[in-house]
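Below: the structure, in structure tokens.
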Amino acid sequence: MTLIELANPSRFLALASRVLPWLVAATVIVLAIGLYQSATAPDDYQQGATVKIMFIHVPNAWLSMFVWAVMSVSALGTLVWRHPLADVAQKAAAPIGAAFTFLALVTGSLWGRPMWGTYWEWDARLTSVLILFLMYLGLMALWRAVDDPSRAARAAAVLTLVGAINIPIIKFSVDWWNTLHQGESVFRMGGPTLDRAFLIPLMVMAVGFTLLFVTLHIAAMRNEILRRRIRSLQMLQAGKPRTAA
Amino acid sequence: MTALAALIRRDVRVALRVGGGALIGVLFFLTVVVLMPFAVGPDLALLKKLGPAILWLGALLASLLTLDRLFMADLEDGSLDLILMSRTPLELACVAKALAHWLVAGLPLIVATPALGLLLNLDGAATGAVALTLLAGTPALTFTGMIGAALAVTLRRGGLLLAVLVLPLSIPVLIFGVAASQAAATGPLSFGTPFSILCALSLASLVIGPFAAAASLRQGLD
Amino acid sequence: MKLSARDLRCVRGGREVFSGLDFTATAGEAVAVIGPNGAGKTSLLRLIAGLLASGGGSIALEGGNDELTLPEQAHYLGHRDAMKPALSVGDNLAFWRDFLGGEASDMEAALTTVGLDHIAHLPAAFLSAGQRRRLSMARLLAVKRPIWLLDEPTSALDTAGQDAFASLMAGHLADGGILLAATHSPIGIPAQELRIGTIA
């Protein structure tokens, strides 16, 4: 099935209802395996049990950027290919991306607590993720500011692409700012190269979270399509004269 | 009372719907506070010292900039005409509008304060103090800012003019709000004195704001 | 009840719009305010509604409710419909009913009369210009006020809407109301004519 065939929202809805149960099942299974492996993974000799936060934190951090990449492709779809589902995909992804980013921040801060002694350190990585979170919120605010989705779509697409270009620049600036001010800061988040005992559960969790994103995304796209259908039905109803009751 | 409750309910609902922009203020607050460390550096000791001031400045700007449309939207769609012609005194209608605005734009700032306090390395007591002073002080910001919003309607101009008109008026609130928070965080002054003055400022603005705004709206009839 | 104006004068932006205007309307009487663009038809209505500062002269209402001012006993139907697009048709009307102090039961009947009861749950943003005008008319019915000040009431209405509105106005007059309508076209009910401005 090609992208063009999927362009028909009805076909997408039919596909979504067929695929979603399988996706939900796959997500639950992979996440369950990942969580079991994470729970049984050995403690780190330096960080103790807190290292297990990594199994949640790293997939969330990875998805926070992956979702923006998905939105950027959708933005291109809106602006260049005029794909009718592109802006639906983009709008549906934004809150999910924001949620993953928020979880990355919270887990990062919980992880930082035993290591830094504070919940928050203006560490270059955490700070970059915080800015990414703000950009997600801004994008969601943009979607909310305009009533008509097709008008909001182009503005949001431009903002997403500008963001995609800007994120590396912001990341670079924050790194530079952080080392400029904070040479003595000790951070071990990079840590030594990971042992297999950690690597395998981490990969399983990453796959599980990606599946979770795909599931949520397809479900959210379905909801958005239905929401727009309701909207156009309502507009149709408003335009019709009253039938004699 | 029904009339005022209806006005508050309508304004809150409009603000929460699509296009209402209820949470833009708190997002602005978040962004301003996050920007500060990039200017002053990530030194946690310094941020802890500046924390209350940064939070108060952010809240001040956020609550004033969102006031822009307080009366303008009602002017544009003709609601203001009908509010002027109602049996409800205009002063009370202004109170209701300001209250609704505070509920959707002021209260979220206070709710967001603990999270931002965490970013600025404030401890529990200092964060609590800032939240408490904001709770006591943001009504004063809304009610003085309302005067500017009413003037903006009279002059058919909004945006930066509103900020220029209103920011000087909010200096006392800023002084005592930050003073009380600093006192709670670091001492040595007592928390009670500036906090009482802050409460007094809020109560005074609750009286002055609606009268000044209503007078300005009546003058601006056209 | 009698609404009368003596030697009314209106100044806007330093320019005199009209002066020496007199009229009297008694209960059950309609006044059609006629004049070219810029003659001050809207200004006259807004002046009576208390939305414009008077430049001189006097307006008096005899036999109304003495505890209320003239604007508090008047409905003003302007070009702007005072409805929030984000709220539903029913919520918009319910708000004005509550805020202006109408009867609780009037709303459904008002929406039915103007033919919007079937879409009361939809956002006002979906309404066409004519439907928005009908929604404004529903406000006149949901809240009882003796004086109606109508600015181009039938603009944006189709023929059926104009007929419906004419019967609403006739009903209002039959109840002993007073009505002033600024208009370019006949409003569909007998009315005394008040010409303002120079007729070209």
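Lettering of chains follows the sequences in order, A, B, ..., and the numbering in each one begins at 1. Note: hydrogens, waters and symmetry copies are ignored here, and every other heavy atom, side chains too, is used.
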Given side chains that start at C-beta, do those of C:Thr69 and B:Met85 come closer than 4.5 Å, heavy atoms only? no

On a heavy-atom basis, which atom in C:Arg80 and which in B:Leu75 lie closest, and how many Å separate them? NH1-O, 3.1 Å

Specify which of C:Pro123, C:Gly50, C:Ala49, C:Gly101 makes the most heavy-atom pairs with chain B at under 4.5 Å. C:Ala49

Honestly, the part of B:Ala73 sitting under 4.5 Å from a heavy atom of chain C is both

Using non-hydrogen atoms only, which part of C:Ala94 is less than 4.5 Å away from chain B: side chain, backbone, both, or neither? neither

Name the region of B:Gln219, side chain, backbone, both or neither, that has any atom closer than 4.5 Å to a heavy atom of chain C. neither

So what's closer than 4.5 Å to chain B heavy atoms on C:Leu68: side chain, backbone, both or neither? side chain

Name the region of B:Arg9, side chain, backbone, both or neither, that has any atom closer than 4.5 Å to a heavy atom of chain C. side chain

Would B:Arg87 and C:Leu100 satisfy side chain to side chain contact (heavy atoms under 4.5 Å, CB included), going step by step from the backbone distance to the final call? CA-CA 7 Å; B:Arg87 281 162 217 174; C:Leu100 299 173; over 6 Å; no

Honestly, the part of C:Asp91 sitting under 4.5 Å from a heavy atom of chain B is side chain

Considering non-hydrogen atoms only, spot the tightest contact between B:Ala6 and C:Phe99 and give its length. CB-N, 4.4 Å

Smallest separation among heavy atoms of C:Tyr76 and B:Leu82, with atom names: O-CD2, 3.8 Å

Which of B:Ala5, B:Ala93, B:Gly78 touches chain C most, by non-hydrogen pairs under 4.5 Å: B:Gly78

Just so I understand: if I count every heavy-atom pair under 4.5 Å between each of B:Ile83, B:Thr88, B:Leu84 and chain C, which residue has the most? B:Ile83

Pairwise distance CG(B:Asp81) to CG(C:Leu51) - rounded to 0.5 angstrom: 4.5 Å

Over 12 non-hydrogen atoms of neighbours within 6.0 angstrom of CD in C:Glu67: no

Any side-chain heavy-atom pair from B:Ser79 and C:Lys84 closer than 4.5 angstrom? yes

Cut-off 4.5 Å, heavy atoms of chain B, and the answer for C:His75 is backbone

Can you list the residues that meet the salt bridge (charged side-chain N to carboxylate O under 4.0 Å, His left out) rule with B:Arg10, with sequence neighbours excluded? B:Asp74

Is any side-chain heavy atom of C:Met83 less than 4.5 Å from a side-chain heavy atom of B:Asp77? no

